[in-house]
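First comes the structure, then the notes that go with it.
All of these numbers come straight from a predicted model, not from anything done at the bench. Computed over heavy atoms, backbone and side chain alike; hydrogens, waters and symmetry mates excluded.
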Amino acid sequence: MDRITVESRSILLALVGSQAYGTSTPQSDFDYKGVFIAPKEYYLGFKTFEQKDTGWDVEPGTGLYPMLDTVKDCTIYELRKFLSLVGNNNPNILETIWMDREFYAYLSPAGEKLISYRSAFLSQKVRTSFAGYAYAQIKRVENHRKWLLNPPPRKPVPQDFGLDDENYKPLNKTEINAFLEFLYMLVRDCIEFLEPSEELRTLLLEKIDYKGILKQRPIPEELLPQVQQYTRATNDFIRLLHISQAYRQALGEWEAYKKWNVERNVDRKALESKCGYDSKHTSHCIRLLRMGIEILRDGELNVNRKKVGDSGYLLSIRNGDATYEEVKEIASSLFEEIKTIKSSLPENVDKEFLNEVCVELVEMAGFK
């Protein structure tokens, strides 16, 4: 969808990221997120569109948002996609409706109405969503630290894993994923024919992405005999699967290392070398965990960390003033706290309520 259409139908546009957190540096970018309501044919016809995140610097705009002409990071979500992410308590989405007023570049009456419901959008899903995003940050920190201290010397080759391009070729991604898809379907079929409670069935079939888990990392070696028995695969295939997954994982890590080494800027590279860890991701991890704990405890999302009083501390981490051991201990303590803190929030956001909000906002904006 073109920029003019998205801009002309926007109901909310917010300046997000470090500028809103109060943790920006002179080098920080200006990032924006927003919400728009698609034209009628996207609701009544077959057309679909979820978000616009490219083209801001090359497409003509309405002139209402000149700050987007050179922006590096801007995503404006179609309302239904936005509300689906709200229902999952996505941290980056929730914060767009908890901003201080000065960080909204635009709010229509429908945008104001959306913000008025923000407390009703919070649930105990915050516990897993914020902790999950924080965990992703800390995993990046660990990977980057590993590369800092012990960079891989060269690109892995099949021969490193007992494979041979001619006689004993590694399985390619398509072949591996086809087998994992088969394994997933076998597991799913077994679950569907069980007689657990409805809540357990929903957990196993909808709330846990088993397919994604299977494809994300190699099957542990100790589980291979059960996988072989379950799928009736041959010994040779299971062995080939095991070493092919190990090879593909090593290859993926090499590509990630190369990309990281090339894309990080000079200042960040120097800072990481000085303090021994990725301080930016570490700061994000600590912030996410603290935000999640505050939501579960108080029922409010505090975006502006200056008002909370920890922006200076988060900046000190960002600047590499704390040791890796210190921030690792703090993160471990916060992970434990977010897992155990009691909360009066509902378990989930009411899906029917989200549907009603969607209908109300579309009608407010004018269904045309």
Charged N to carboxylate O below 4.0 Å: is that the case for Asp278 and Arg268?
yes
Would you say Arg9's side chain and Phe36's backbone share a donor-acceptor pair under 3.5 angstrom?
no
Check whether more than 12 heavy atoms from other residues, nucleotides or ligands sit under 6.0 Å from atom CD of Gln226, and answer yes or no.
yes
Cut-off 3.5 Å, side chains only: do Gln19 and Asp31 have a donor facing an acceptor?
no
After noting the C-alpha distance and the side-chain angles of Trp56 and Ile76, does the key distance pass the side chain to side chain contact (heavy atoms under 4.5 Å, CB included) rule?
CA-CA 11 Å; Trp56 303 105; Ile76 301 185; 3.5 Å; yes
Please check: side-chain N/O of Tyr104 versus main-chain N/O of Thr96, any donor-acceptor pairing under 3.5 Å?
yes
Regarding Tyr133 and Asn92, do their side chains bring together a donor and an acceptor under 3.5 Å, going by distance alone?
no
Would you please name every residue forming a salt bridge (charged side-chain N to carboxylate O under 4.0 Å, His left out) with Arg3, sequence neighbours left out?
Glu7, Asp69
Considering non-hydrogen atoms only, spot the tightest contact between Pro39 and Met1 and give its length.
CD-CE, 4.1 Å
Keeping the roles fixed (side chain from Arg248, backbone from Leu171), state whether a donor-acceptor pair exists under 3.5 Å.
yes
For residues 314-335, the salt bridge (charged side-chain N to carboxylate O under 4.0 Å, His left out) pairs (sequence neighbours left out) are none
Show your reasoning for whether salt bridge (Lys or Arg N to Asp or Glu O under 4.0 Å) applies to Glu294 and Arg305.
CA-CA 12 Å; Glu294 291 160 5; Arg305 306 312 296 180; 2.8 Å; yes
Quick one: do the Asp2 and Thr5 side chains pair a donor with an acceptor below 3.5 Å?
yes
May I ask you to say whether Glu112 pairs ionically with Arg118, meaning some side-chain N is under 4.0 Å from a carboxylate O?
no
Does Tyr135 have more than 12 heavy atoms from other residues, nucleotides or ligands lying within 6.0 Å of its OH?
no
Is any side-chain heavy atom of Ile93 less than 4.5 Å from a side-chain heavy atom of Tyr77?
yes
For Lys155, which residues count as a salt bridge (charged side-chain N to carboxylate O under 4.0 Å, His left out) partner, sequence neighbours excluded?
none
If hydrophobic clusters are built from ILVMFWY residues whose side chains come within less than 4.5 Å, do Met99 and Met67 share one?
yes
Look up atom CG in Asn355 and atom CG in Leu83, then write down how far apart they are to the nearest 0.5 Å.
9.5 Å
Transitively linked via ILVMFWY side-chain contacts under 4.5 Å: Val141 with Leu315?
no
In the structure I gave you, are the side-chain heavy atoms of Ile176 and Ser244 within less than 4.5 Å of one another anywhere?
yes
Taking Glu175 for its side chain and Asn172 for its backbone only, find out whether a donor-acceptor pair lies under 3.5 Å.
yes
Mind running side chain to side chain contact (heavy atoms under 4.5 Å, CB included) on Asp73 and Asp29 for me, showing each step along the way?
CA-CA 8 Å; Asp73 189 351; Asp29 294 325; over 6 Å; no
Say whether Gln137 and His281, considering side chains only, have a donor N or O and an acceptor N or O under 3.5 Å apart.
yes
Hey, are Lys125 and Asn88 close enough side-chain-wise for a donor-acceptor pair under 3.5 Å?
yes
Is it the case that over 12 heavy atoms from other parts of the model lie below 6.0 angstrom from the NZ atom of Lys269?
no
Heavy-atom side-chain proximity of Ile330 to Leu289 below 4.5 angstrom
no
Minimal non-hydrogen separation, Ala20 against Phe103, with atom names:
CA-CE2, 3.7 Å
Do Ile295 and Glu300 make a side-chain contact, defined as non-hydrogen atoms from C-beta onward lying under 4.5 Å apart?
no
Any side-chain heavy-atom pair of Arg140 and Asn143 under 4.5 Å:
no
Side chains of Lys72 and Asp57, heavy atoms from C-beta outward: is any pair under 4.5 Å?
no
Please check if any side-chain donor atom of Thr25 sits under 3.5 Å from a side-chain acceptor atom of Ser28, or the reverse.
yes
Per-pair distances, 0.1 Å, donor-acceptor, side chain in residues 253-262, under 3.5 Å, sequence neighbours excluded:
residue: Trp260; atom: NE1; partner: His144; partner atom: ND1; Å: 3.4
residue: Asn261; atom: OD1; partner: Arg264; partner atom: NH2; Å: 3.4

Does the cation-pi check pass for Arg80 over Tyr43, that is, NZ or CZ under 6.0 Å from the six-membered ring centre and within 45° of its axis?
yes
Locate the shortest heavy-atom distance separating Gln228 from Thr234; write the atom from each residue and the value.
NE2-C, 3.5 Å
Leu107 and Ile115, any side-chain heavy atoms less than 4.5 Å apart
yes
What class does the angle between the rings of Tyr21 and His284 fall in, given that below 30° is parallel, 30 to 60° is tilted and above 60° is perpendicular?
perpendicular
Please collect all ring pair (Phe, Tyr, Trp, His ring centres under 6.0 Å) contacts where either partner lies in residues 334-365, sequence neighbours excluded, each pair once.
Tyr117-Phe353, Phe121-Phe353
Residue list, salt bridge (charged side-chain N to carboxylate O under 4.0 Å, His left out) with Glu59, at least two apart or on another chain
Lys52
Does the pair Arg290/Asp310 count as a salt bridge with the N-to-O cut at 4.0 Å?
yes
Is it the case that atom CD in Gln229 sees more than 12 heavy atoms from other parts of the structure closer than 6.0 Å?
no
Is Ile238 linked to Phe182 within one hydrophobic cluster, defined over Ile, Leu, Val, Met, Phe, Trp and Tyr using a side-chain heavy-atom separation of less than 4.5 Å?
yes
For the student: nearest non-hydrogen atoms of Val349 and Val86, plus distance
CG2-O, 4.3 Å
Heavy atoms of Ser108 and Tyr106 approach each other most closely as CB-OH, 3.3 Å
Stepwise side chain to side chain contact (heavy atoms under 4.5 Å, CB included) check, Lys306 with Asp100:
CA-CA 11 Å; Lys306 284 185 177 179; Asp100 288 344; over 6 Å; no
Does any non-hydrogen side-chain atom of Ile338 lie less than 4.5 Å from one of Phe130?
yes
Is it true that a side-chain atom of Asn89 and a backbone atom of Gln124 form a donor plus acceptor pair closer than 3.5 Å?
no
Look at the side chain of Ser283 and the backbone N and O of Lys280, then say whether any donor-acceptor pair between them is shorter than 3.5 Å.
no
Salt bridge check, Glu78 against Lys81: does any charged N sit closer than 4.0 Å to a carboxylate O?
no
